[in-house]
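Before any comments, here is the structure.
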Amino acid sequence: MKLDVKSMTKKELESSFLSMGEKGFRARQVFRWLYKGITDFREMANLPETLRAKLDEKAFIEKVEIQKVQISSKDGTRKYLFRLRDGRAVEGVFMKYKYGNAACISSQAGCRMGCVFCASGMAGLARNLTAGEMADEILAMERDTGERVGHLVVMGTGEPLDNYGELAVFLRNIHDEEGLNLSWRAITVSTCGLVPQIETFGDEFPQVNLAISLHASCDEERNALMPVNRKYAINELLQACRRHAEKTGRRVTFEYTLIRGVNDGADRADRLADCLSGILCHVNLIPLNPVSEKSFRGIDRRAAEQFRKLLETRGIPATVRRSLGSDIDAACGQLRLEELKETKNTKNS
Ligand code: SAH
């Protein structure tokens, strides 16, 4: 099997170069090219011709193809459908902020967490992405826009902490100063609440922002929305978050998707404030993006703002997520879902 150089850490790359009888500094040269977005060994100008040929034979450079891109005429947001080597598809988003460009990337093709309001899990998990595929989602955006990505959220398709090993390699590589040189604090990883992995993550990546998809304030409601809660109940999760904040000194973000008639009442804001009291945190309120296959409905911005105020009067800092790219605003996971349906229809016809 060919060596997947983009899914290795710099150290792993160095040791495999040494075992191929090559010098360690050659591995670092390759590493630097990879994160400049080069996807062909032959373009690595400072490598001897013989090494380029050898790498071509023994190794490959992971690359995702842009299958579709929707560009917002309002704010330049780009929503991508990436085609992977094995034909599977994942989504990514490129966003322009005042402070710079941010990317949202996927960590798995599909998802096995089964949150009932989410499009990504509807067809289950196909497979984990490799570290190289995750990195190339960012690199593909940089190649396409000609701009640098300075901030990253791992909030696309998939549950990143369910793919911990590859996520960890990916994070180390994009943080590496010879990689993408992203500062830890410019990275956010979002999880539905896998408690053991939250602990490990806090130990290994204490400066990376942690976002928790909470969406409910009691077990009964959270069980109905997010099956993961039957494994790690809300108190256990909140306890892990409290420890995380204490251990890292960093504010935990709680994402709370507002679903009309389900979790948006004033009593829910109150109960949420009870849950979060004493935790160093911030709440990100997200009016639900309706998914056409599901009956859940979102709420308008004014109602979301009211919910935010209720939290704030209870001393819980909260913001309503600003919606970028509203003119291309297919719900999270929708592009991929449409693509899956199209592929199925073509196969069936
Ligand atoms: N699995 C991770 C990251 C991917 S989902 C997690 O659960 O955090 C990113 C965020 O989008 C999560 O908070 C998720 O619950 C939310 N989300 C999923 N579908 C949504 C929808 N239709 N509308 C609004 N938010 C949604």
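Below, each value reflects all heavy atoms present in this structure, side chains not excepted, and no hydrogens, waters or symmetry copies. Start at 1 and go down the list; that is how both ligands and their atoms are numbered.
- Neither the backbone nor the side chain of Met113 has a heavy atom within less than 4.0 Å of ligand 1.
- Of all the heavy atoms of Thr191, the ones lying under 4.0 Å from any atom of ligand 1 belong exclusively to the backbone.
- In this structure, of Val291, Thr257, Val154, the residue bringing a heavy atom nearest to atom 25 (N) of ligand 1 is Thr257.
- In the model, Ser190 has a side-chain atom that pairs as donor or acceptor with a side-chain atom of Glu255 under 3.5 Å.
- Surrounding CZ of Arg85 are more than 12 heavy atoms belonging to other residues, nucleotides or ligands, all under 6.0 Å away.
- Under the 3.5 Å distance criterion, with hydrogens and angles disregarded, no donor-acceptor pair is assigned to the side chains of Arg32 and Gln29.
- The residue from Ser190, Cys192, Pro290, Gly158 that puts a heavy atom closest to atom 1 (N) of ligand 1 is Gly158.
- Numbered from 1 in the order shown, with element, the atoms of ligand 1 that lie under 4.0 Å from a heavy atom of Gly156 read 4 (C).
- Under the 4.0 Å criterion applied to side-chain N and carboxylate O atoms, Glu14 and Arg28 are assigned as salt-bridge partners.
- For ligand 1, the atoms closer than 4.0 angstrom to any heavy atom of Asn289 are 21 (C), 22 (N), 23 (N), 24 (C).
- Judged by the shortest distance from any of its heavy atoms, Ala119 lies outside the 4.0 Å radius around the atoms of ligand 1.
- A side-chain donor-acceptor contact under 3.5 Å links Arg230 to the backbone of Asn223.
- The pair Asp270-Arg314 meets the salt-bridge criterion, with a side-chain N (NZ, NE, NH1 or NH2) lying under 4.0 Å from an Asp/Glu carboxylate O.
- Every atom of ligand 1 is numbered from 1 in the order shown, and the set under 4.0 Å from a heavy atom of Cys118 is 18 (C), 19 (N).
- Of the candidates His215, Glu159, Met226, it is His215 that places a heavy atom closest to atom 14 (C) of ligand 1.
- Glu133 has no carboxylate O lying under 4.0 Å from a charged side-chain N of Arg88, or vice versa, which leaves the two without a salt bridge.
- Ring centroids of His215 and Phe117 are separated by less than 6.0 Å, placing the two rings close together.
- Neither the backbone nor the side chain of Phe296 has any atom closer than 4.0 Å to an atom of ligand 1 (non-hydrogen atoms only).
- Ligand 1 does not have Ala211 within reach: every non-hydrogen atom of the residue lies 4.0 Å or more from it.
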